[in-house]
Each structure stands twice: as structure tokens, then as C-alpha cells.
Amino acid sequence: MTTPVKTEYLTSEEMLPLVFKPTFPDIDIIDCARNNREFIETKLLHHGAILLRGFNLDSVSAFENLAEAICPELFGEYGDLPREGVGGKVYGSTPYPADKAILFHNESSHLHCWPLKIWFFCVQPAPQGGETPIVDCRKVYQLLDPKLRSRFEQKQLMYVRNYTPGLDVSWQEFFHTKDKAVVENYCRKAGTEFEWKQGNDLRTRRVAQAIAKHPLTGESVFFNQIQLHHVSCLEPAVRESLLFLLGEDNLPRNVYYGDGSQIENSAIQEILAVYQEATISFPWQQGDVLMLDNMLTAHGRNPYVGSRKIVVAMGEIIRSKDIDRQGIEAANVQSRS
């Protein structure tokens, strides 16, 4: 990106996110982004997050056009988030109580495919709180105890999900169908175990990575949704209530080691402490766009007071089998060298 845009940082101490600002008023950021994709890609791979601030984006459709200018193939089928409008490929942010935090996660890292790029657009910042904290997943990997990293690399993770209307998204909403055969076909193709329970409810189990190598940089990253799924990360009162009412097997979400064994509480506490140490947070401003490399940078949401509207777009879908294949090829090259 040339003279129309300048780069800086929010503080002198942090290089995450890199901030793009206009050098003069009324810049066409959509056209500028379209003509400078390689520059944006290079900066995103280095920093992991880019904040576009001060570009006078004034609508959700303009935001979608900006995201498409950077990544023409936006993701349009995502069951965990409500679609922002009829048509288009923009979603509302996670519908979760305003007084509760959404813990750190990499979007869709528990599934067989995920977006490599994700954008957040601030339509309306909350008057208090509501930040979208971010963390460098390369730094998290480096800060974790090597023995714990090795355990996660070897065992991986098993995500168990019970699609329970009223407590989480229903399977009909997530899979965009009421046909069980369609769900079963999807699960088989995605390498996901499924089980139909009494009352037309669905339980799925999927083994996925806890640690991955970025497909473009080759860097090791802590890439998962442990905090969003592990029962110990729930607030104590909520956890005790759900366990009492449902039992562990029927919790809406939980995660184990890939062999089905329990993840030690000490491991969870270390993960939480490392994320806290690496957290970067800043207030939203109306019109901000935050662009993340979803494998290099995890995100969350702080509690807030008042009205808040953040919308989301995702693109450049990566499949776990491609990551696995690249890892095997890299290992083979290393073994021959």
C-alpha cells in the first residue's frame, strides 16, 4: 500500500495490531485494498492483525465490499453465527450475554475447515467495555511449557458437542437443514462422529489439532477452542448448574484430549495464565475494521454495557486435511535433509 495509507502502532510497546490510517481525507479504501492485496497479505502474515482506522466506512455493505476486495471468496455458510441480513456474507457477532466475556478462540478451529482470514467491523462501539481482545498464537505457543506443548501435539483434542436448543445453537440451525441424512453425510465427510440421542437431539465428537503449523509461514501456533469448550472455563455457578441438570456427557460443549481422557486442571490453568499474559486490548471506534489471520491471532470479547454492534466476515477457507498433508510433507523434507 503506497502513499494513501500510513502505518503505525497503537502503543510504542506493542506491534499487534499494525494500524492503517489514511494520509488524506476521502481515500477510497476499498479500491486501495483491491490494488494492494500483496502488501496487505505480507503485513498480515508478519503481524497477525491489522486495524484499519479512520477510513469513513459507513455501512455494512461497504465493509463487505472491503473484505471482498482483499479476499474475493468470502465464507457464506457458518452455523455458529447469525447472518447479518438477507443475502451477503456478513454475520452478526456471537449472541452472548453482554455481561459475560467470550473467551479466546480461533474461529472454527474445532471443525474440519476454518477461515484463514476474519474481519470485524465496528458499527457501534459500546459506551463501556465490549473490546475484542486479541492474542498472538505464536507467542502463546512459545510461552507454554514445552512438556505441555508436546502432550497436546501428541494427543490432540476431542471436542464433544450436544446441540441443545435453548442452551446452544440447534443442529438444525448449525447445519442449515432439518434432514438428518444431510447432517450424517456432512459428518462423515468431515470426519466427525455423530450420535442421535433421545428427543431428536444430536451429539458429535471430533478429534482436531491443539497445535498447528501455519500453511504459509510454517510457524507453530496454539490453535484451538479449549477455552470456549472446556467445562472448567465456565463460571462456577453456571458449571455447577449444568453439571447438576445435564451431567458431563450432555453438556452443550466440552473438550478432552484426543484419546478421550481428561485435560488436567493444571494444564487449563497454565493456558489461561499464558493467554492473560499475552492479551492485547483496545477500545473500538466507530468505523474500525480489525482484520486477523485466524491461525496467527485468537480473539475474544469483553463484557460491555449499553448497545454494541460488531459484524463479521470470513474468507480463505483452510481444510484440516490440507494442513495435515503439508505437515507430513514438511516432515518428509526434513527427514531427507
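What's counted below: heavy atoms across the whole structure, side chains too, no hydrogens, waters or symmetry copies. One-based numbering along the sequence shown.
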Flag for [Y]-[X]: side-chain donor and acceptor within less than 3.5 Å:
{"X": "S261", "Y": "D259", "result": "yes"}
{"X": "E107", "Y": "N294", "result": "no"}
{"X": "E173", "Y": "S170", "result": "yes"}
{"X": "Y257", "Y": "E264", "result": "yes"}

Could you tell me whether R149 sits above the aromatic face of F222, with NZ or CZ closer than 6.0 angstrom to the six-membered ring centre and within 45 degrees of the axis?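 No, R149 does not sit over the ring of F222.
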Relative to F174, does R161 satisfy both conditions: NZ or CZ under 6.0 angstrom from the six-membered ring centre, and within 45 degrees of the ring's axis?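 R161 over F174 ring: yes.
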Tell me whether E270 is salt-bridged to K147, with the criterion being a basic N under 4.0 Å from an acidic carboxylate O.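 No salt bridge links E270 with K147.
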Electrostatic pair E8-R53, nearest N-O below 4.0 angstrom: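 Answer for the salt bridge query: no.
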Using the six-membered ring wherever Trp is involved, compare the ring planes of H229 and Y159 and label them parallel, tilted or perpendicular (cut-offs 30° and 60°).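 The arrangement is perpendicular - the two ring planes meet at more than 60°.
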Taking the ring of H112 and the ring of Y186, is the distance between their centroids below 6.0 Å?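 Yes, they do, as the ring centres are separated by less than 6.0 Å.
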When you measure from the side chain of N250 to the backbone N and O of G247, does any donor-acceptor pair fall under 3.5 Å?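 Checked: no pair found.
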Using side-chain contact (heavy atoms from CB on, under 4.5 Å) as the criterion, list what pairs up with K139, not counting sequence neighbours.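 By the side-chain contact (heavy atoms from CB on, under 4.5 Å) rule, K139 matches D136, L143, A278.
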Should we say atom NZ of K178 is surrounded by more than 12 heavy atoms from elsewhere, each under 6.0 Å from it?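 Counting other residues, nucleotides and ligands, NZ of K178 stays at 12 neighbours or fewer.
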Side-chain hydrophobic cluster, 4.5 Å single linkage: members besides V182: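 The other cluster members (ILVMFWY side chains, heavy atoms under 4.5 Å, direct or chained): none.
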Suppose clustering is done on Ile, Leu, Val, Met, Phe, Trp and Tyr with side-chain heavy atoms closer than 4.5 Å. Which residues sit in the same group as L234?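 Its cluster mates, by chain and number, are L167, V231, V238, L242, L243, F244, L245, L246, L251.
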May I ask you to test the F39-V5 pair for a side-chain heavy-atom distance under 4.5 Å?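 They are not in contact (no side-chain heavy atoms under 4.5 Å apart), so the answer is no.
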